[in-house]
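Quick notes on the structure that follows.
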Amino acid sequence: MSKAIATISKTREIMEKHGYHTKKKFGQNFLTEPSIVERIAQSIPQADPLLVIEIGPGIGALTEQLAKVADHVIAYEIDDQLLPILADTLSEYPQVEVRHRDFLQVNLKEELQPWIEEGYTIAVAANLPYYITTPLLFHIFESGAPIHSITVMMQKEVADRFCAEVSTKDYNALSVISQYRADVKMVMKVPKEVFVPKPNVDSAVIQFQLREYKQVVDKEEAFFALVKSCFTQRRKTILNNLSNYLGNKEKARTYLEKAGIDPAQRAETCSLDTFIQLYEEMDL
Ligand code: SAM
């Protein structure tokens, strides 16, 4: 069996063979530790048949392991120079399909329709480009596609925010909005030394298990905007932030009191249910 792509020697060999240099503008930090890519692939909840969508395969380090746990893999890569490399490194895996696309422009629901109709369970996995971690995740959350789980590497600091519980220092609008959609858990922490090139910060892999899609609030965009507004200035009270958002302090106080929220509280002490309660008292 040939050597795993996710080793430092194989990564160098592939890049030299193809004269490839990583690009900062695409957030390229390649994984060079086989045990980590294996663990990411193994942590994806199993299903039969399983389709895994990968965002940004790079030279195929994680893709190779995804091919071992999935019936089919669709990998979306923005960098055209990586396409001939992937055709070479993944030639032994006919179940992998690489699509040259900007993932943010992909209409997931439409592209996945044939797989949905064939009864595939769909999971997303990636070592995300850090410069667009949040937009990529929201693109999935807002796609309306029936994604079962999302297992992704990101900067540890951002991962902590996604996983944070109410009344902890990392709890913010991201925590509330992602918890509205999914149960989130930490899979593992990853030191910066296992990437080429080495980023400035450590990373972590987290997993979102999406709930059966159910719209809890009638206008989700308005709900998300409300949550974000309450965290605008973290050190200020929820009354202060909400007053600025509504441009009316008395209205803000009334809504908060009706929702059973002390106006002197900070947003970080409000659970998802409390935000839903507040939204329902308002006419947004
Ligand atoms: N999966 C590889 C690994 O773990 O070694 C590469 C991960 S690297 C952090 C991020 C990858 O995402 C790169 O291959 C990059 O070119 C790709 N990428 C960046 N922006 C993208 C976008 N908008 N759509 C699709 N791929 C993107």
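Fair warning: this is a prediction, and the values are worked out from it, not measured in the lab. Positions are given from 1, in the same order as the sequence printed here. Whatever order the structure lists ligands and atoms in, that order sets their numbers, starting from 1.
Here the heavy atom of the protein found nearest to atom 21 (C) of ligand 1 is Ile78 CG2, 3.6 Å. Scanning all protein heavy atoms for the shortest distance to atom 6 (C) of ligand 1 gives Gly56 O, 3.5 Å. Scanning all protein heavy atoms for the shortest distance to atom 5 (O) of ligand 1 gives Leu31 N, 2.9 Å. Shortest contact from atom 19 (C) of ligand 1 to any protein heavy atom: Phe26 O, 3.2 Å. Protein heavy atom closest to atom 3 (C) of ligand 1, with residue, atom name and distance, is Asn127 ND2, 3.6 Å. Scanning the protein for heavy atoms near atom 16 (O) of ligand 1, the closest one is Glu77 OE2, 2.6 Å.
The residues Glu16 and Arg12 are annotated as not salt-bridged, no charged nitrogen and carboxylate oxygen being separated by less than 4.0 angstrom. With respect to the salt-bridge test (charged N to carboxylate O, under 4.0 angstrom), the residues Lys189 and Asp202 do not qualify. At a threshold of 4.0 Å, the pair Asp160-Lys169 does not count as salt-bridged, since none of the basic side-chain nitrogens sits closer than that to a carboxylate oxygen. Taking the charged nitrogens against the carboxylate oxygens, Glu111 and Arg99 do have a contact shorter than 4.0 Å, which makes a salt bridge. Looking at Glu64 and Lys10, no side-chain N of the basic residue comes within less than 4.0 Å of a carboxylate O on the acidic one, giving no salt bridge.
With ligand atoms numbered from 1 in the order given, ligand 1 contributes 22 (C), 23 (N), 24 (N) to contacts under 4.0 Å with heavy atoms of Asp102. For ligand 1 and Glu54, the ligand atoms under 4.0 Å from any heavy atom of the residue are 1 (N). Within ligand 1, the atoms closer than 4.0 Å to a non-hydrogen atom of Pro57 are 1 (N), 2 (C), numbered from 1 in the order shown. When each atom of ligand 1 is checked for a heavy atom of Tyr76 under 4.0 Å away, the hits are 25 (C), 26 (N). With ligand atoms numbered from 1 in the order given, ligand 1 contributes 24 (N), 25 (C) to contacts under 4.0 Å with heavy atoms of Arg101. The Phe103 neighbourhood of ligand 1 comprises atoms 22 (C), 23 (N), 24 (N), 25 (C), with distances under 4.0 Å to a heavy atom of that residue. Every atom of ligand 1 with a heavy atom of Gly27 under 4.0 Å away is listed here by number and element: 8 (S), 9 (C), 10 (C). The atoms of ligand 1 that sit less than 4.0 Å from any heavy atom of Leu128 are 9 (C).
Panel note: side chain Ser43, backbone Arg39; a donor-acceptor pair is recorded below 3.5 Å. Here the side chain of Glu117 pairs no donor or acceptor atom with the backbone of Pro114 at under 3.5 angstrom. Lys219 places a side-chain N or O within 3.5 Å of a backbone atom of Leu284 that can act as its donor or acceptor partner.
Heavy-atom distances between Val37 and ligand 1 stay at or above 4.0 Å for every pair. Leu104 does not count as a contact of ligand 1, since none of its heavy atoms falls under 4.0 Å from the ligand. Ligand 1 is never approached by Leu136 to a heavy-atom distance shorter than 4.0 Å. For the ligand labelled ligand 1, residue Ile59 lies outside the 4.0 Å heavy-atom shell.
In this model, no donor atom of one side chain and acceptor atom of the other lie less than 3.5 Å apart for Tyr245 and Asn240. Ser203 and Lys192 are not linked by any side-chain donor-acceptor pair at a separation below 3.5 angstrom, with hydrogens and angles left out of the test.
Taking any N or O of Gln28, backbone or side chain, at least one lies under 3.5 Å from an N or O belonging to ligand 1. For a threshold of 3.5 Å applied to N or O pairs, the pair formed by Tyr131 and ligand 1 contains at least one separation below that value. For Gly58, a nitrogen or oxygen atom sits less than 3.5 Å from a nitrogen or oxygen atom of ligand 1, counting backbone and side chain alike.
Remark: aromatic rings of Phe208 and Phe141 are close, center separation under 6.0 Å. Aromatic ring centres of Tyr120 and His72: separated by at least 6.0 Å.
Contacts between Leu82 and ligand 1, counted as non-hydrogen atom pairs separated by less than 4.0 Å, involve the side chain only.
Between Leu90 and Gly60, the shortest heavy-atom distance links the atoms CD2-O, 4.0 Å.
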